[in-house]
Colleague: 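Have a look at this one.
Reckoned from all heavy atoms, side chains included, excluding hydrogens, waters and symmetry mates. Convention: sequence-line order gives letters A, B, ...; per-chain numbering from 1.
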Amino acid sequence: MNELSRAFYITTPIYYVNDRPHIGHGYSTVAADVLARYHKLFGVESFFLTGTDEHSFNVQKAAEKAGKTPRELVDANAQFFKDAWKKLKIENNYFVRTTDERHKEAVQRFITKLHEATTPDGKPAVYAGEYKGLYCVGCEKFLTEKDLTEEGLCPDHLVEPESLSEKNYFFRLTSYLDQVKELIETDKVRILPKERKNEVLGLFKQGLEDFSISREKATWGVSIPFDPDQKAYVWVDALPNYISAIGYGDDRDTFEKWWNGARVVHIIGKDILKFHAIFWPAMLLAAEEKPPDTIYIHGYFTVDGQKMSKSLGNVISNEELVERFGADVSRYLMLNMFPFGTDGDIRIDGFCRKYNADLANDFGNLVSRSAKLTKKPFGGKVPPFGELTGDEKALHESIKSSVRKCREQVESLNPNGAADSFMDVCRKLNRYFDSQKPWALAKQGKTDRLGTVLRTTLEGIRCVSVMAYPYMPNKCRELREILATDPVPKSLDEAESLELLIEGSEIKLDSPLFPRLEEPKTDMPETDAKESEVDNLISIDDFARVQLKIAEVLEVEKVPRTDKLIKLQIRIGEEKRQIVAGIAEHYTPDQLIGKKIVVVTNLQPAKLRGIESNGMLLAASEGDKLALLTLDSDLPSGATIS
RNA sequence: GGCGGUGUAGCUCAGUUGGUUAGAGCAACGGAAUCAUAAUCCGUGGGUCCGGGGUUCAAGUCCCUGCACCGCUACCA
């Protein structure tokens with residue numbers, strides 16, 4: 001395959017506008033930016049799209065709460081993302097917002113196409129239906145029983161969903177499943193990394209249903225053209241951003257160029273895999289457009305083994321990282337702490353260590369040591385070549401092979417591999433430098449040979465400045481200015497030559513390119529715990545709504561054929577109740593009988609595995625440990641907690 | 001419980017269609033060197049390639065089985 005022979009269109013997900021950008025968003029965005037910049041450096045025409053997802057009931061709600069119009073809110077929030085990307089030196093070609101008129105028109109056009117479409121088995125692709133279900137306001141979606149936690153709550157928001165029924169339009173996904181499955185099996189739609197392809201194919205086995213593309217109650221959204229009372233629902237609104245941004249609705253030539261003429265790559269996180277790998281290609285088939293070529297699912301990271309979350313207060317923002325390391329280094333570190341496509345853990349001291357090992361020691365120090373040696377014998381100027389030996393020729397070949405590797409790795413969408421390729425060159429240069437002992441040559445007065453060695457090394461560094469440019473555009477520009485060459489490399493080909501520096505031009509190195517950092521134990525980018533607490537504040541009235549009481553456990557029995565569920569008969573004062581809890585992995589029935597526990601008593605009843613649960617017991621957990629809340633000293637059951 | 005995945009040096013991982021002394025980066029240790037940002041270079045890993053069984057002239061690599069962890073998902077292919 002030679003994917004580098006055609007234009008390149010890469011996208012990130014559009015980020016939900018109510019979120020604040022953190023390094024999770026940064027990760028996707030930097031990855032896409034680096035890949036896009038590499039393609040440009042390879043001479044491949046590229047288009048890089050990112051943006052924000054701005055419709056939803058929650059946006060409407062948040063705006064009301066903030067006393068703003070939705071428009072004001074999304075304008076302000078979208079700006080946070082734009083600012084973050086600016087700081088990270090993201091060079092997107094376009095920033096799509098789902099509230100753009102242009103996008104909305106494209107969505108309407110897309111929905112109209114779907115509405116007019118007939119499925120392969122001769123049915124309308126879109127039909128009206130009644131949707132009954134459990135609706136979580138937070139998720140702004142209907143949940144199925146199986147989505148819920150053991151307590152019957154939405155797993156993301158931990159609130160009980162409402163029972164709701166409304167008229168919706170549905171997309172007849174089931175009629176396209178065979179086609180989509182084949183696209184994936186045959187890699188016409190390539191799912192990377194390949195383990196993810198299996199996961200998607202597994203979803204087909206489980207069975208998929210038609211999905212709803214509209215909502216009746218929403219007001220902040222795109223109207224359904226053939227039924228303006230309905231608004232487009234998330235997937236049919238969000239996914240078309242990939243085509244609206246390149247002219248699906250209003251510029252067919254541009255659309256042709258980037259959608260049909262380019263290699264279309266969606267970079268996504270695993271949470272939206274199903275929608276991108278299955279829903280999106282199916283809708284595109286119905287709308288008579290081609291599916292994307294590649295969907296790359298990157299990993300998530302945890303911070304010190306824990307999921308990044310507002311409530312844990314361990315969210316790292318892009319700004320914090322940039323403040324500490326600068327944009328370029330942040331870009332390099334974000335992407336290279338662990339392999340692309342797998343989950344990884346970020347440790348508190350990991351960034352510094354990686355920075356010192358790669359950039360300060362291998363890269364920056366190489367620049368310093370070679371530049372310094374040109375000072376005396378050559379007056380700090382680029383020395384001329386003398387006669388080349390086998391060592392220089394071998395080095396040159398070796399660099400060329402690293403450049404090839406760089407190209408291959410980018411072609412297979414692996415930014416880590418590209419970083420490896422230029423770090424390899426740094427190591428090769430350090431090795432070459434050591435083996436030639438230029439400092440000894442200087443003492444021996446072998447100026448001719450010394451010049452050759454230094455020149456070769458400097459040329460090699462220039463090669464690195466080309467290969468690393470997509471990662472660290474500013475640092476590389478700085479380095480190229482030090483080397484007195486064009487600040488911006490024109491093509492990766494420049495990395496294959498060892499004779500592009502201008503002899504006699506001055507090398508201007510005043511301070512280390514990547515100064516070494518102390519490795520602090522704990523003061524990595526500080527988390528915004530304070531801020532998240534402020535965000536989470538509730539009033540005393542809110543708290544008072546939750547009724548907590550002491551209960552005594554009377555009988556306990558494990559719910560058969562479940563891993564976690566346990567059924568408890570409890571006594572609250574004189575009242576007896578049954579509750580179900582997901583603690584079987586941590587407590588045996590015997591351990592629980594007779595215990596005094598804390599129970600939420602005014603929770604809506606829920607059915608778990610068909611067993612009614614009237615309340616929720618309180619327990620604390622961290623990682624895989626869990627402990628019940630009990631009493632410090634004895635009180636009768638039924639006692640209230642406040 | 002089902003399906004899928006993973007289990008290789010202290011850590012993160014590579015290991016092609018089974019074939020000579022199992023590799024890389026980081027960390028550690030020893031040495032060299034001293035141009036450099038206490039940076040660099042060289043050397044060092046008695047690793048049961050998770051355990052057990054099997055196929056084979058030959059298995060980290062294939063088959064069976066047990067265990068552990070992860071992902072998706074739950075009366076279910």
Colleague: Restricting to pairs with a member in residues 424-479 of chain A, which pass ring pair (Phe, Tyr, Trp, His ring centres under 6.0 Å), not counting sequence neighbours?
Modeller: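 Pairs touching residues 424-479 of chain A that pass the test: A:Tyr332-A:Tyr471, A:Phe422-A:Tyr471.
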Colleague: Here's a test of your reading of the structure: between A:Gly202 and A:Cys426, which maps to the more 5' nucleotide of RNA chain B?
Modeller: A:Cys426
Colleague: When you measure from the side-chain N and O atoms of A:Arg431 to the phosphate of B:C42, is any distance below 4.0 Å, counting only OP1 and OP2?
Modeller: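 True: A:Arg431 side-chain N/O within range (under 4.0 Å) of B:C42 OP1/OP2.
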Colleague: A:Thr389: what forms a side-chain hydrogen bond (donor to acceptor under 3.5 Å, both in side chains) with it, not counting sequence neighbours?
Modeller: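 side-chain hydrogen bond (donor to acceptor under 3.5 Å, both in side chains) check on A:Thr389 returns A:Glu392.
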Colleague: Hey, mind stepping through A:Phe171 and A:Phe279 against ring-ring contact (aromatic ring centres under 6.0 Å, His included) and telling me if it holds?
Modeller: CA-CA 9 Å; A:Phe171 176 71; A:Phe279 289 19; 8.4 Å; no
Colleague: Base, sugar-phosphate alone, or nothing: which one does A:Pro438 contact when heavy atoms must sit under 4.0 Å apart?
Modeller: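 No contact.
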Colleague: Is the closest side-chain donor-acceptor distance between A:Asn430 and A:Arg369 under 3.5 Å?
Modeller: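 Looking only at side-chain atoms, A:Arg369 and A:Asn430 do form a donor-acceptor pair, the distance falling under 3.5 Å.
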Colleague: Under a 4.0 Å heavy-atom cut-off, which of residues 359-384 of chain A touch RNA chain B?
Modeller: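 Residues of residues 359-384 of chain A under 4.0 Å from RNA chain B: A:Ala360, A:Asn361, A:Asp362, A:Gly364, A:Asn365, A:Ser368, A:Arg369, A:Lys372, A:Leu373.
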Colleague: Below 4.0 angstrom, which residues in residues 439-464 of chain A have at least one non-hydrogen atom near RNA chain B?
Modeller: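 Hits under 4.0 Å, by residue number: A:Trp439, A:Lys443.
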Colleague: Which protein N or O atoms sit under 3.5 Å from an N or O of nucleotides 6-11 of chain B?
Modeller:
none

Colleague: Taking B:U61 as the reference, what is the distance to B:G25 when you measure between their C1' atoms (whole Å, please)?
Modeller: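 Their C1' atoms lie roughly 23 Å apart.
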Colleague: Excluding sequence neighbours, so at least two apart, what forms side chain to side chain contact (heavy atoms under 4.5 Å, CB included) with A:Leu4?
Modeller: A:Asn2, A:His39, A:Phe42, A:Val44, A:Arg407, A:Glu411
Colleague: Any donor-acceptor pair under 3.5 Å linking the side chain of A:Asp391 with the backbone of A:Gln436?
Modeller: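 No: the side chain of A:Asp391 does not pair with the backbone of A:Gln436.
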Colleague: Do the ring centers of A:Phe211 and A:Phe170 come within less than 6.0 Å of each other?
Modeller: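 That pair fails the under 6.0 Å test.
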Colleague: Between A:Asp434 and A:Arg431, does any side-chain N to carboxylate O distance fall below 4.0 Å?
Modeller: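 Salt bridge: no.
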Colleague: Are A:Tyr296 and A:His266 an aromatic pair by the rule of ring centers under 6.0 Å?
Modeller: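 For A:Tyr296 and A:His266, the ring centres are not under 6.0 Å apart.
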Colleague: May I ask you to verify if any side-chain N or O of A:Arg353 is less than 4.0 angstrom from the OP1 or OP2 atom of B:C26?
Modeller: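 The answer is no; no side-chain N or O of A:Arg353 sits under 4.0 Å from OP1 or OP2.
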Colleague: Can you classify the ring geometry of A:Phe340 versus A:Tyr27 as parallel (below 30°), tilted (30 to 60°) or perpendicular (above 60°)?
Modeller: tilted
